Number of protein chains: 2
Amino acid sequence: MTAPTTRTDPELARLAASFERLFELLRRLTPEPMSLTSASTLRRLDRAGDHRLSELATAEGVTQPAMTQLVSRLERDGLVVRAGHPSDGRVVMVRITDAGRELVHRRREVRDLRLAALLAELSPADRAAVVAVAPVLDHLTELAKGA
Amino acid sequence: MTAPTTRTDPELARLAASFERLFELLRRLTPEPMSLTSASTLRRLDRAGDHRLSELATAEGVTQPAMTQLVSRLERDGLVVRAGHPSDGRVVMVRITDAGRELVHRRREVRDLRLAALLAELSPADRAAVVAVAPVLDHLTELAKGA
DNA sequence: TATTGTTATACTCTATAACTATA
DNA sequence: TATAGTTATAGAGTATAACAATA
């Protein structure tokens, strides 16, 4: 018998466990049940403008048929519209509507307010530490994209 | 026209956006696609032992029928077993199997290794800042439970 | 009668395979 | 022939309503 395969650094395991709990917290912090992909797609359209349907599928990591259905549901709910492409008849351009934008902004606002309420209960020093670590977390997520 | 309703502190919005991206990162960091509820349920059974089916439903925030089905799928896949209750014939106790435990541990190990690889690319100061913030994040998630 | 769990039904969300329309 | 998108089909995962078994 050999030692257990990979023994990860306990400091790392501690951080990973903290992240795991934070993950659960964030999962419950945003209101109005909506799939992660739906919410992410709407945010993308709000942030970066119109996209081809196939671009959305690739960006969100789902198949083209899955995105076809997602866009159909969003369109049925009045959150996006399908528009043709001027020079290529095969292409479907997806555009967010005013209602879609409002939904994105409202969800973000509620989430921010809830997070603010939690942060308000931390000590000033702890709050400062969390706020200060934001750029580092961004760096971490940027690194992950490259990997 | 009045000003936009609630204007949240930009520092807070920044942190919330960082958390949002971290959420996406963590979601993609763990291997073998498995629903958040399935993974969370298995982790709970691994960590805190046997549970009644109804306890699991409440703890995971899903309905009893949804948990009935989830447990059935986990049982079919050999990750949990249903056991009777010694003194109350209505109760179904759910127990994780060795295979279920192995799955939980393997997923955690892979996630830790991937996280370690990312952290290794940070500067020592940034890495220290992230590690140092772990207890504060735990405090934050504890506060959320009370709310 | 109340509690615990399951079954019935319906909808979202995802995948793979087959198809249509345009280039 | 290749590309963009849809339709067909199947399964996971969720809900509410109705039911069965036990307390």
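As the structure is a prediction and not an experimental result, all values here were calculated from the model. Lettering follows sequence order; numbering is per chain, from 1.
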*Asks:* Return the 5'-most residue of the pair Pro65(B), Arg76(B) with respect to DNA chain D, ranking by each residue's nearest nucleotide.
*Replies:*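 Between the two, 5'-proximity favours Arg76(B).
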
*Asks:* From the 5' end of DNA chain D to its 3' end, which nucleotides mark the outer limits of contact with chain B, defined by a 4.0 Å heavy-atom distance cut-off (strictly under)?
*Replies:*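 Terminal contacting nucleotides, 5' to 3': dA12(D) to dA23(D).
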
*Asks:* Listed by chain and number, what are the side chain to side chain contact (heavy atoms under 4.5 Å, CB included) partners of Ser54(A), not counting sequence neighbours?
*Replies:*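 Counting only residues at least two positions away or on another chain, Ser54(A) forms a side chain to side chain contact (heavy atoms under 4.5 Å, CB included) with Arg52(A), Gln64(A).
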
*Asks:* OP1 or OP2 of dT6(C) sitting under 4.0 Å from any side-chain N/O of Thr68(B)?
*Replies:*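 So the side-chain polar atoms of Thr68(B) do come within 4.0 Å of the phosphate oxygens OP1 or OP2 of dT6(C), strictly under.
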
*Asks:* Glu20(B) vs Arg111(A), test: salt bridge (Lys or Arg N to Asp or Glu O under 4.0 Å). Steps then yes/no.
*Replies:* CA-CA 10 Å; Glu20(B) 193 170 273; Arg111(A) 180 208 58 189; 2.3 Å; yes

*Asks:* Can you list, in residue-number order, the parts of residues 77-91 of chain B that come under 4.0 Å of DNA chain C, counting heavy atoms only?
*Replies:*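 Residues of residues 77-91 of chain B under 4.0 Å from DNA chain C: Arg82(B), Arg90(B), Val91(B).
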
*Asks:* Is atom CZ of Arg95(A) surrounded by more than 12 heavy atoms (other residues, nucleotides or ligands) closer than 6.0 Å?
*Replies:*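 Counting other residues, nucleotides and ligands, CZ of Arg95(A) stays at 12 neighbours or fewer.
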
*Asks:* Share the residues that join Val91(A) in a hydrophobic cluster, the rule being Ile, Leu, Val, Met, Phe, Trp or Tyr side chains under 4.5 Å apart at the heavy-atom level.
*Replies:*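 Cluster partners of Val91(A): Met93(A).
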
*Asks:* Would you mind reporting whether Arg108(B) and Arg43(B) have side-chain heavy atoms less than 4.5 Å apart?
*Replies:*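 They are in contact (side-chain heavy atoms under 4.5 Å apart), so the answer is yes.
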
*Asks:* Quick one, Asp50(B) and Val94(B) - any side-chain contact, counting heavy atoms below 4.5 Å?
*Replies:*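 When only atoms from C-beta onward are counted, Val94(B) and Asp50(B) do not touch, as no gap falls below 4.5 Å.
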
*Asks:* Can you tell me if Ser18(B) uses its side chain to pair, donor with acceptor, with the backbone of Arg14(B) under 3.5 Å?
*Replies:*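 Yes; judged by distance alone, with no hydrogens or angles, the pair exists.
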
*Asks:* Looking at residues 38-50 of chain B, who's got a heavy atom less than 4.0 Å off DNA chain C?
*Replies:*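 Within residues 38-50 of chain B, no residue comes under 4.0 Å of DNA chain C.
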
*Asks:* Less than 4.0 angstrom between a side-chain N/O of Thr63(A) and OP1 or OP2 of dT14(C), yes or no?
*Replies:*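 So the side-chain polar atoms of Thr63(A) never come under 4.0 Å of the phosphate oxygens OP1 or OP2 of dT14(C).
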
*Asks:* If we count only N and O atoms by modelled type, under 3.5 Å, do the side chains of Thr37(B) and Glu60(B) hold a donor and an acceptor together?
*Replies:*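 Side chains of Thr37(B) and Glu60(B): no pair found under 3.5 Å.
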
*Asks:* State, with a plain yes or no, whether a side-chain heavy atom of Leu15(A) is found less than 4.5 Å away from one of Leu119(B).
*Replies:*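 A side-chain contact exists here, since the closest heavy-atom pair is under 4.5 Å.
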
*Asks:* How long is the line joining CD of Gln69(B) and C1' of dA8(C), in whole Å?
*Replies:*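 Rounding to the nearest Å, CD of Gln69(B) and C1' of dA8(C) are 10 Å apart.
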
*Asks:* Applying salt bridge (Lys or Arg N to Asp or Glu O under 4.0 Å) as the test, list every pair that has at least one member in residues 73-87 of chain A; sequence neighbours left out.
*Replies:*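 Output for this query lists Glu75(A)-Arg82(A).
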
*Asks:* Return the value, rounded to whole Å, for the distance between atom CG of Leu36(A) and atom P of dT12(C).
*Replies:*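 Rounding to the nearest Å, CG of Leu36(A) and P of dT12(C) are 17 Å apart.
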
*Asks:* How many Å lie between CE on Met67(A) and C1' on dA15(C), as a whole number?
*Replies:*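 Atom CE in Met67(A) sits about 14 Å away from atom C1' in dA15(C).
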
*Asks:* So do Met34(B) and Leu79(B) actually touch side chain to side chain, heavy atoms under 4.5 Å?
*Replies:*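 They are in contact (side-chain heavy atoms under 4.5 Å apart), so the answer is yes.
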
*Asks:* By the 4.0 Å heavy-atom rule, please label Thr37(B) as base, sugar-phosphate, or nothing.
*Replies:*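 Counting heavy atoms under 4.0 Å across all strands, the contact made by Thr37(B) is with sugar-phosphate only.
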
*Asks:* What integer distance in Å separates Gln64(A):CD from dA17(C):P?
*Replies:*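 Checked: the CD to P distance equals 15 Å.
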
*Asks:* With respect to the side chain of Ser35(A), which nucleotide from dT14(C), dG5(C), dC13(C) is positioned closest?
*Replies:*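 Taking heavy atoms from C-beta onward, the closest nucleotide is dC13(C).
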
